[in-house]
Amino acid sequence: MSSIFTRIINGEIPAYKVAEDENFLAFLDINPLAKGHTLVIPKKEVDYIFDIEDPLYAGLFEFAKKVAKGIKAVVPCTKIGVTVIGLEVPHAHIHLIPIYSIYDMDFSRPKLKFSSDEFAGIAKEISANII
Ligand code: 5GP
């Protein structure tokens with residue numbers, strides 16, 4: 001069965017998309033730790049990030065770099081924190097999270113809530129700032 005992220009890629013499940021190319025997709029995390037919390041995924045469904053073959057693996061991080069710059073241009077923060085967990089969704093993904101402190105990367109914290117209009121607005125703004 002396809003991962004939930006493959007279903008997003010295929011348009012079977014909606015997502016607030018931030019950037020997309022032939023091989024990669026970035027979209028807002030539905031349970032964000034911060035405004036602009038974004039997931040970056042390869043379109044090829046691979047569970048464990050270190051199982052992604054080399055050219056695609058490097059491309060994923062290059063794509064994430066572009067997206068992170070777009071997030072940083074829009075969301076006030078000190079840096080964009082980068083983490084890979086992958087215990088919930090078996091489709092490799094990089095979390096990009098605007099942070100001021102290590103506390104902002106604590107996944108045990110309560111997640112933020114945004115309306116669909118707010119999510120759409122954040123995604124649009126980030127998207128417009130990706131070069
Ligand atoms: P992880 O696998 O890295 O532990 O966590 C998976 C992440 O994906 C979580 O932060 C969760 O909020 C996010 N997530 C799970 N299902 C969906 C979904 O259907 N849409 C979006 N946009 N994010 C999701």
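In each ligand, atom 1 is the first atom listed, and ligand 1 is the first ligand listed. Quick caveat, the model's predicted, so the values are computed rather than measured.
The pair Lys35-Glu118 does not meet the salt-bridge criterion, since no charged nitrogen lies less than 4.0 angstrom from a carboxylate oxygen. Using a cut-off of 4.0 Å between Lys/Arg side-chain N and Asp/Glu carboxylate O, Asp29 and Lys111 are scored as not salt-bridged. A salt bridge is absent between Lys43 and Glu22; no separation between the charged side-chain nitrogens and carboxylate oxygens falls under 4.0 Å.
Closest to atom 23 (N) of ligand 1 among all protein heavy atoms lies Ile30 N, 3.3 Å. From the protein, the heavy atom lying nearest to atom 16 (N) of ligand 1 is Glu88 OE2, 4.2 Å. Among protein heavy atoms, atom 6 (C) of ligand 1 sits closest to His93 NE2, 3.5 Å.
To the nearest 0.5 Å, the span separating OG on Ser127 from CG on Leu28 amounts to 10.0 Å.
Heavy-atom separations between Ile8 and ligand 1 include at least one value shorter than 4.0 Å. Heavy atoms of His95 approach ligand 1 to within less than 4.0 angstrom.
Atom CZ of Phe107 has more than 12 heavy atoms from other residues, nucleotides or ligands within 6.0 Å. Counting heavy atoms of neighbouring residues, nucleotides and ligands inside a 6.0 Å radius, atom NZ of Lys17 exceeds 12 of them.
Close contacts between ligand 1 and Asn31 involve ligand atoms 12 (O) [criterion: under 4.0 Å to a heavy atom]. Every atom of ligand 1 with a heavy atom of Ile85 under 4.0 Å away is listed here by number and element: 3 (O), 4 (O). Taking a cut-off of under 4.0 Å to the non-hydrogen atoms of Phe27, the atoms of ligand 1 that pass are 21 (C), 22 (N). Near Leu39, with a cut-off below 4.0 Å to any heavy atom, the atoms of ligand 1 are 8 (O), 13 (C), 23 (N).
In this structure, Asn10 contributes its side chain and Glu12 its backbone to no donor-acceptor pair below 3.5 Å.
Contact of the Val67 side chain with the Phe24 side chain is not registered, since no non-hydrogen atoms from C-beta on lie closer than 4.5 Å. With contacts defined as side-chain heavy-atom distances shorter than 4.5 Å, the pair Ile41/Phe27 qualifies.
Contacts between Phe5 and ligand 1 below 4.0 angstrom, taking non-hydrogen atoms only, involve the side chain exclusively. Here Ile13 has no heavy atoms under 4.0 Å from ligand 1, in either its backbone or its side chain.
Comparing Ile4, Asp29, Leu28 against atom 7 (C) of ligand 1, the shortest heavy-atom distance belongs to Asp29.
Considering backbone and side-chain atoms alike, Gly86 places an N or O below 3.5 Å from some N or O of ligand 1.
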